[in-house]
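Residue numbering restarts at 1 for every chain, and letters A, B, ... go by the order of the sequence lines. The structure displayed is predicted, hence computed values, not measured ones.
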Amino acid sequence: MEFLEQLPALFSDFANPKKRIFFGYLALSVLIALGWLTLVRKTSIAEALRRIFDRRVFFSGSAIADYKIFVINRIFTFFISPMLLSQVAIATGIYFFLHSLDFLNPAAFTGVNQATVVVLFTLTLFLFDDFSKYLVHRWMHRFPVLWALHRVHHSATELTPVTVYRVHPLEGVLYTLRGVVVQGVTIPTFYYLFGSAVSLYTVVGVNVLVFIFHVSGSNLRHTHISISYWPWLEHLLISPAQHQLHHSVAERHFDKNFGAALAIWDWMFHSLHLSSGEGELVFGLDASEGSSASSLKTLYLQPFHDIFRILRRRVRGFYGLAQRLMTRV
Amino acid sequence: MKSLKLTTCLVATMMFAGTAYAVETYGPFPVTVLGYDGEKENSVSYSGQIARHVLHDSLKKLAGKGNGGANAAELEAQMLSYFNGSETDLPIIAPASKDGVPVKQTMLNEISAGKNIAGKFYDGSMPAWPGEMTGKEVILHMISHAAKADGGYDAVNGYDYAQLISKFTMGAMPYSQAVDNYLDEKLGEGVKPNGQAYKTGAYYTGKEHVWDEAFGYFGAASHSMRLSAEDNYNVAKLRDLGSADLNGDGVIDLKTEYVFGPAYYAAGADKSGKTAYMETMMGAFIEGRALITGANGQNLTDQERAKLQSHAKTIADNWELVLAEATFKYAGSVYKDISAITAASSEEEQAKAFRKYVKHWGELKGFAMAMQSGKNDLGKTAVHLNRLIGFGPVTLDGTFVSGLDADGNFVKERKMSWNSYQLHMLRVQELLAKNFAIEARANDATAELAGLLESLSGDGGAETD
Ligand SMILES: [Zn+2]
Ligand SMILES: [Zn+2]
């Protein structure tokens, strides 16, 4: 009985337009997929629907693990509130710090009209947020300790919109911290310069640019519907097909397309891979990773085990180095 | 409505039966002195404290009367007559009748004769002001400079003497006297015992009068408990005769119907809707008085005294918070004023913004000094507060008062940027919020920032690809 009472809270993200899996965005994704398959790929509506709601995908071991992880990870959300407190601390600290820059008065730009401030703030926050996602994602692949965590997301062999929640809780913490830092820096800086004119241009309470990202099918990146954009557009925005390619097991696709909404970061830092001419992709990890698509025990615990091993190796390395240095002295 | 209020008082008085009873006004309370055979029926008396509030309000008004030096000697003498008291009766300069809001008394002796501020002024060390002086020396220093200034305004050093004198006094006299004397040692056993008249022939007992005097220093109207924060505020501003005139005689009786400084600032914080200082303090005053009256002219038992002391603690604690709220508020005003000064587009606009800034700074400084005139040694907090606020505000050429020369004149040997001084104001607010349980926090310079952060939280920042 008590469990049933908790159900609405458990699934509140489906009703929250700030979240990607908001039912409205999901419905729009279905429509976009349907349009793509029938109009561009010229399949029949029946065939299109069969592919969109593919039972082999949604009832696969990998997808079922996604669903379980979605529920289990809710338990870890209580880690989030203390981090929001640290956001206030960061923001206040930066706001205080800015006062020490004698060449820049607080509210120095209060004369700027409000519309300009709102546009500037909305754009800056979106760009900074998107870039930080690119950067952290890149680190996730680059550093072994972080990869041990991020591997959980890549262990999915079938992609569903819920795969966005297929994240090790520790990676979730790191991503939240990323958001804390971005907002904790951007907001006080704008507030310092523009005073109370600062506000976000929102639609249904969401940054309008994030809203556009979601209504244009952000959920499709974690599906089997391979929607590509024109090559020029894939230099600017990450298409669903480009992110699917990020999940590919093929070695030529490794460390490509780290971007969230924008492709410009991948383009700038040479990790962009266009989607054309790639054919059917296989998702998941190389067998050598020793991960699992469906075992929760492996998904939750293996990262700790791996991190421990990596750190132990490091410590031994340092110890050995220190010993060699000592004997030399 | 008014007659109804009166009836309530009378009923409350008649219901007196030796136990605590619910009353909403401070008095009337029956005479309990054993063996008293005079005609008095109400033992409440605090007119001496009201006279001192009136001396303070008048002194504040005088502090703004200088003409830049010509009348300095004369004005200083006049101010000192209000500070030290006078053999002859003094006219009440403030609070004085306003259009449609007449004040009953016009001369001080109509309230109480022979009173002064000097005898009740905090005279411990006051490091917040340059010159290493005691509290009383500081106020005399301020008075002498106020007399020489033009309209109480010293643009060079950034002082508004009316504000400085008034706000400092609000702590150094009523607050200090109440929390460090009447609500402290005078509540002790054997001091002004309740089993005896306060003095021979008095119609109030020792403890009754001690408590009344503390209430008098708080400066609320006897019926402030019944008024909203807004009403109390408007009564103090002489804007609302209806709310003030409890007995319906068409005039405001300063002795019972007016709201003076300390109570006015309690109401000011309560206007935020986040605090209830007036209700809490009035409640404690009334319950404390009812408890003493309930002892029926006998000495208080240990239990009764403990209860009384807990009411006293409630009053002292909240009083300190009221002063901290005011300090917090004016630090926020000063912060905003600096933005206006730096953003000013003409010299005239800047001078106007600077005048406002100096006024608010005077209030900030005065209240910060008031906080340091009570019973509590604020220790490190006071040191930091004084360092952040400084001896004087940063002035238009970037300098600020750093001390006094041998003749007692201000010297400005240090400089600071506007930004740094704004940061100091943020730190003042941070310091106060951290060390005092203040809730109203008017003019919070970082509240908007916190609100902005709040409004953007939970936006899916944790979504991973
Ligand atoms: Zn990845
Ligand atoms: Zn992904």
A.B. asks: Which bit of A:Phe121 is near chain B, if near means a heavy-atom gap under 4.5 Å: side chain, backbone, both or neither?
C.D. replies: side chain
A.B. asks: Provide the closest heavy-atom pair for A:Leu125 versus B:Leu456 in the form atom of the first, atom of the second, distance.
C.D. replies: CD2-CD1, 4.0 Å
A.B. asks: How about B:Tyr421 and A:His99: does a side-chain donor come under 3.5 Å of a side-chain acceptor?
C.D. replies: no
A.B. asks: Which bit of B:Ala340 comes within less than 4.5 Å of chain A, counting heavy atoms only: side chain, backbone, both or neither?
C.D. replies: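 No part of B:Ala340 comes within 4.5 Å of chain A.
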A.B. asks: Given heavy-atom pairs under 4.5 angstrom as the criterion, report whether the side chain, backbone, both or neither of A:His168 touches chain B.
C.D. replies: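 No part of it gets close to chain B.
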A.B. asks: Does CZ in A:Phe128 sit with more than 12 non-hydrogen atoms of other residues, nucleotides or ligands closer than 6.0 Å?
C.D. replies: yes
A.B. asks: Should we say atom CZ of B:Arg355 is surrounded by more than 12 heavy atoms from elsewhere, each under 6.0 Å from it?
C.D. replies: yes
A.B. asks: Hey, is CZ on A:Phe97 packed in by over 12 heavy atoms from elsewhere, all under 6.0 Å?
C.D. replies: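 Incorrect, the count does not exceed 12.
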A.B. asks: Do the non-hydrogen side-chain atoms of B:Leu426 and A:Tyr95 ever get within less than 4.5 Å of each other?
C.D. replies: yes
A.B. asks: For A:Leu200, is it the side chain, the backbone, both or neither that has a heavy atom under 4.5 Å from a heavy atom of chain B?
C.D. replies: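 Answer is side chain: those atoms of A:Leu200 sit under 4.5 Å from chain B.
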A.B. asks: Any chance you could measure B:Glu454, atom CD, to A:Ile187, atom CD1, to the nearest 0.5 Å?
C.D. replies: 11.0 Å
A.B. asks: Indicate yes or no for a side-chain donor-acceptor contact from B:Asn419 to the backbone of A:Leu104 under 3.5 Å, with no hydrogens or angles considered.
C.D. replies: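 Yes; judged by distance alone, with no hydrogens or angles, the pair exists.
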A.B. asks: Is it the side chain or the backbone of A:Phe96 that comes within 4.5 Å of chain B heavy atoms, both, or neither?
C.D. replies: both
A.B. asks: Heavy-atom distances under 4.5 Å only: say whether A:Leu174 touches chain B with side chain, backbone, both or neither.
C.D. replies: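 For A:Leu174, no heavy atom lies under 4.5 Å from chain B.
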A.B. asks: Is it the side chain or the backbone of B:Ser339 that comes within 4.5 Å of chain A heavy atoms, both, or neither?
C.D. replies: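 Side chain only.
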A.B. asks: Could you tell me which non-hydrogen atom of B:Tyr335 sits nearest to which non-hydrogen atom of A:Pro106, and how far apart they are?
C.D. replies: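 Minimum heavy-atom separation between B:Tyr335 and A:Pro106: OH-CB, 3.6 Å.
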A.B. asks: Look up atom CD1 in B:Ile341 and atom CG in A:Asn105, then write down how far apart they are to the nearest 0.5 Å.
C.D. replies: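 Spacing of CD1 (B:Ile341) from CG (A:Asn105) equals 11.0 Å.
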A.B. asks: How about CD on B:Glu349, more than 12 heavy atoms from neighbouring residues, nucleotides or ligands closer than 6.0 Å, or not?
C.D. replies: yes
A.B. asks: Looking at chain A, which one of B:Gly451, B:Ser417, B:Ala343 has the largest number of heavy-atom pairs inside 4.5 Å, strictly under?
C.D. replies: B:Ser417
A.B. asks: Take a 6.0 Å sphere around CZ of A:Phe23 and say whether it holds more than 12 heavy atoms from other residues, nucleotides or ligands.
C.D. replies: no
A.B. asks: Taking the basic N atoms (NZ, or NE/NH1/NH2) and the acidic carboxylate oxygens, is any pair closer than 4.0 Å for A:Arg221 and B:Asp465?
C.D. replies: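 Here A:Arg221 pairs with B:Asp465 in a salt bridge, since their nearest N and O are under 4.0 Å apart.
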A.B. asks: What pair of heavy atoms forms the shortest contact from B:Ser455 to A:Lys18, and how long is it?
C.D. replies: O-NZ, 3.7 Å
A.B. asks: Is A:Val198 in contact with chain B via its backbone, its side chain, both, or neither, using a 4.5 Å heavy-atom distance?
C.D. replies: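 Answer is both: backbone and side chain atoms of A:Val198 are under 4.5 Å from chain B.
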A.B. asks: By a 4.5 Å heavy-atom criterion (distance strictly below it), what part of A:Phe190 contacts chain B: side chain, backbone, both, or neither?
C.D. replies: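 Contact with chain B involves no heavy atom of A:Phe190 at all.
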A.B. asks: Return the minimal non-hydrogen interatomic distance between B:Leu449 and A:Pro188, and the atom names on each side.
C.D. replies: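 Here B:Leu449 and A:Pro188 meet closest at CD1-CA, 3.7 Å.
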